[in-house]
Amino acid sequence: MAEPAHVEYDADLSGLNTFGLKARAARLLRLRSAEEAVAAVHAPGWADAPRLVLGGGSNLVLTGDFAGTVLKVEIAGRRLMREEADAWIVEAGAGENWHDFVRWTLMQGWPGLENLSLIPGTVGAAPIQNIGAYGLEVVDRFDSLDAVDLETGACRSFALDDCGFGYRDSVFKRQPGRWLVTAVRFRLPRPWQPVTRYADVAREMEARGVTAPTPLDVSDAVIAIRRRKLPDPAEIGNAGSFFKNPVVDAAHCARLLADHPAMPHYPQADGGEKLAAGWLIEQAGWKGRSLGPVGSFERQALVLVNRGGACGADVARIAQAIMADVEARFGVRLEPEPVFV
């Protein structure tokens, strides 16, 4: 069998991860279709090497060079599959830019993803991480997806119940290197109702004098909030929110509130309380502080930034230091969102 197309050797990965971390891959294979992904699995020697599936590189910490094959997903395409009485079913190739896809759906008159505007990354990565922001997660709008089994080359479709979605989690994230997502379908609700219960969104709407928001109003508000709070990866390397918001039991939350009455907390359906990781990090004294070339962002403590020349070990070092300080002060163990490779 011939060698796969679009292959590079000793490939530089520093421009393929939003943190801008220095790393190289033994092989980089750019995939433009599901058929190319299947062919790669069946090519002699390729399936036996370590593999890393890469989308936009926005949820990734490269801790060193990668000795195997990086599969860069560049599958394009977006379309309305069908209209139903209560929803539009819209599909996108896994390599499509997530934010561009969200804005495209809104311009077509198919709202529902507006709260997830300006999240970096690709469509294919969105369900893997079950991305979420401002009161909405991918699971809330998910219909189904197609993926290639990188162990067998078989193609499979996943319905909602097959994906094991959790908070920034899915069956795909729990089985790294097993599945390569090729296309994702979303169920966008008809009639549409705005999701503006998140405090920041509500305040932005009030500041803009918007009392009956349209989908574009919500998207524009989310974009404005994110631009004020979060650094642009094109200007300073980062992976977005670095830590998950931890959930503690009600008793633990009550003890913390006794000492910190201003602490943000959000009741959960299971009786637990979700805490704001950014607030905990800021109270532990890390907002705007650096450890070597990596630091906590000045406007949002939850974001770690590459101030220049950082490697994966630098990111791991400050992440561990922040986690240790938060745990010592609050008895809460933070968990990173990005995948360490």
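Using modelled atom types, no side-chain atom of Asp325 and backbone atom of Ile322 make a donor-acceptor pair closer than 3.5 Å. Put simply, the side chain of Asp162 gets close to the backbone of Ala159: a donor and an acceptor are under 3.5 Å apart. In this structure, Asn130 contributes its side chain and Gly166 its backbone to a donor-acceptor pair below 3.5 Å. Lys22 places no side-chain N or O within donor-acceptor distance of the main-chain N or O of Ala310, the cut-off being under 3.5 Å. In terms of modelled atom types and a separation under 3.5 Å, the side chain of Ser117 and the main chain of Val222 share no donor-acceptor contact. Remark: side-chain polar atoms of Asn245 are paired, donor with acceptor, to backbone N or O of Ala277 under 3.5 angstrom. Side chain of Trp179 to main chain of Ile128: no donor-acceptor pair is present (N/O by atom type, distance under 3.5 Å, no hydrogens or angles). The backbone N or O of Glu91 sits nowhere less than 3.5 Å from a side-chain atom of Arg78 that would complete a donor-acceptor pair. Here the side chain of Arg141 pairs a donor or acceptor atom with the backbone of Gly112 at under 3.5 angstrom.
Checked against the 6.0 Å centroid threshold, Trp98 and Phe186 count as a close aromatic pair.
Within the structure, salt bridge (Lys or Arg N to Asp or Glu O under 4.0 Å) contacts touching residues 262-275 (residues at least two apart or in different chains) do not occur. A ring-ring contact (aromatic ring centres under 6.0 Å, His included) check over residues 114-146, counting only residues at least two apart or in different chains, returns the pairs Tyr134-Tyr198, Phe142-Phe165.
Minimum heavy-atom separation, Ile318 to Val294: CD1-O, 3.3 Å. Summarising the geometry of Leu106 relative to Pro111, their closest heavy-atom pair is CD2-CA, 3.7 Å, with the distance given to 0.1 Å. Nearest heavy-atom pair, Lys287 versus Arg299, reported as atom, atom and distance to 0.1 Å: CE-C, 3.9 Å.
By the salt bridge (charged side-chain N to carboxylate O under 4.0 Å, His left out) test, Arg156 pairs with no residue at all, sequence neighbours left out. Remark: Gln268 engages no residue in a side-chain hydrogen bond (donor to acceptor under 3.5 Å, both in side chains) (not counting sequence neighbours). With sequence neighbours left out, Arg208 forms a side-chain hydrogen bond (donor to acceptor under 3.5 Å, both in side chains) with Glu204.
A donor-acceptor contact under 3.5 angstrom links the side chains of His6 and Glu36, judged on distance only. Counting only N and O atoms by type, the side chains of Arg289 and Ser296 include no donor and acceptor under 3.5 Å apart.
Between Glu84 and Arg190 there is no salt bridge, since no side-chain nitrogen of the basic residue lies less than 4.0 Å from a carboxylate oxygen of the acidic one. Between Arg317 and Asp314 a salt bridge is recorded (basic side-chain N to carboxylate O distance below 4.0 Å).
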Review item, side-chain donor-acceptor pairs of residues 229-242, under 3.5 Å, at least two apart:
residue, atom, partner, partner atom, Å
Lys229, NZ, Asp200, OD2, 2.4
Asp232, OD1, Ala234, N, 2.9
Asn238, OD1, Gly240, N, 2.8
Asn238, ND2, Pro231, O, 3.3
Asn238, ND2, Ile236, O, 3.0

Open item on the list: Run the salt bridge (charged side-chain N to carboxylate O under 4.0 Å, His left out) test on Arg24 and Asp65 for me, step by step, so that the C-alpha distance in whole Å, both residues' side-chain angles and the decisive distance to 0.1 Å come before the verdict.
Closed with: CA-CA 5 Å; Arg24 305 190 75 83; Asp65 292 341; over 6 Å; no
Open item on the list: Let's go through Glu337 and Lys244 carefully: what are the C-alpha distance in whole Å and the side-chain angles of both, what is the deciding distance for salt bridge (charged side-chain N to carboxylate O under 4.0 Å, His left out) to 0.1 Å, and is it a yes or a no?
Closed with: CA-CA 6 Å; Glu337 278 196 29; Lys244 298 179 183 180; over 6 Å; no
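The local environment of CD in Glu206 is sparse, with at most 12 non-hydrogen atoms from other residues, nucleotides or ligands closer than 6.0 Å.
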